[in-house]
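Quick notes on the structure that follows.
Counting convention: from 1, in listed order, for ligands and their atoms alike.
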Amino acid sequence: MIGHRGEDFKNLYRTIHPKLQTLFGTNQPVFLSTSSAWGVMEASIRNLVDRGVLCCMCGAFSDKWLDVAKRCGKHAEPLQVDWGKHIDHKDVDRQLASGKFDTVTLIHSETSTGVMNSLEEICSILPKYPEVAVIVDTVSSFSAVKIDMDALGIDVMLTGAQKALALPPGFSLFSVSEKAFARAEKIPNRGFYFDFLEFRKEQAQWMTPSTPSIAHIHALQSKLDEIFEEGLEARFDRHTRTNALVHDWVRRAGFDFFAEEGFRSKTLTSVKNNKGIDVLEFARKLRQKHRLVIDPGYGKIRGQTFRLSNMGDETEETVSHLLACLDDIL
Ligand SMILES: *Cc1c(COP(=O)(O)O)cnc(C)c1O
């Protein structure tokens with residue numbers, strides 16, 4: 001182990017930082033948070049929301065953000081669509097035109113439903129609302145598809161360790177725009193552990209506000225080496241190909257998609273159980289016979305769906321193997 005206030009740590013942070021900026025598509029500092037993604041999701045609310053936050057809700061994770069914002073004592077309102085549907089930028093536009101909100105929360109790839117919202121469409125309306133800050137969760141899409149934080153005009157972009165990056169859980173990354181820093185300066189009661197201004201001050205010296213999980217940062221360094229060795233375009237293409245394999249299987253096996261067409265995540269597929277199989281038994285047998293784990297549906301759609309991931313380290317070989325084993329159990 002190395003000390004977190006010494007030169008070794010500063011060199012580690014300094015070394016990985018340009019690669020992180022490339023992955024975020026930003027010239028802003030990228031921060032290392034020793035928390036799971038929810039730490040940064042809550043932090044974003046505490047650092048940015050003054051007048052009110054519009055929570056774009058289309059699944060378990062994005063729905064929960066409304067509750068989190070309220071528990072932080074903020075005025076929060078839902079923009080709720082049915083699970084399986086995407087967030088329509090025209091609805092966001094209409095809500096923001098009310099002038100009630102200074103912040104928006106949005107999840108890019110809603111991991112519970114397999115919906116991928118269009119950042120291009122939603123972010124295209126933001127220039128009309130210069131006083132609104134947008135927070136985007138890219139936990140299950142980061143590094144799997146191209147996301148340009150600066151070009152899109154995202155104010156806080158965050159991701160966790162254990163989904164698209166395939167690292168052990170308990171760590172997350174985020175970046176903050178100049179506009180969001182300026183906002184944070186005026187917001188009282190930001191606390192300490194997740195204060196964006198503390199992160200900025202410490203990052204300027206290649207440090208973190210409190211003792212970070214250095215083991216995670218070593219793992220991240222190794223993962224970044226893998227990512228840049230493969231190449232970003234090749235990594236994006238691999239996700240496209242493995243996702244297509246899953247989609248082909250869904251159709252071939254006679255299932256439907258839970259997410260509506262045109263808005264299906266490139267990293268994970270929520271399969272609709274239109275055939276009425278016993279999904280829990282299906283998952284149990286898969287685990288017992290093939291030592292493979294799939295999720296039998298999240299929250300209220302447990303059993304009505306199951307989820308197949310092609311994110312992180314999955315290859316055409318591993319995904320094909322999974323699909324062959326699913327056929328065997330079916
Ligand atoms: C898993 C997930 C989270 C929450 O991550 P934690 O590690 O539990 O904090 C948030 N958003 C999305 C989209 C997720 O998939």
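A side-chain donor-acceptor contact under 3.5 Å links Ser177 to the backbone of Ala180. At least one donor-acceptor pair under 3.5 Å links the side chain of Arg238 to the backbone N or O of Glu314.
With a 4.5 Å cut-off on side-chain heavy atoms, Val30 and His17 count as touching.
With rounding to the nearest 0.5 Å, the separation of NE2 in His4 from OG in Ser210 is 7.5 Å. Once rounded to the nearest 0.5 Å, the distance linking OG1 of Thr315 with NE2 of His321 reads 10.5 Å.
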Atom pairs and distances, ligand 1 N/O vs protein N/O under 3.5 Å:
residue, atom, partner, partner atom, Å
ligand 1, 7 (O), Gln162, NE2, 2.8
ligand 1, 9 (O), Ser36, OG, 2.5
ligand 1, 9 (O), Ala37, N, 3.1
ligand 1, 9 (O), Trp38, N, 2.9
ligand 1, 11 (N), Asp137, OD2, 2.6
ligand 1, 15 (O), Thr111, OG1, 2.4
ligand 1, 15 (O), Lys163, NZ, 2.7

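For an aromatic pair to be called close, the ring centres must be under 6.0 Å apart, and Phe24 with Phe142 satisfies this.
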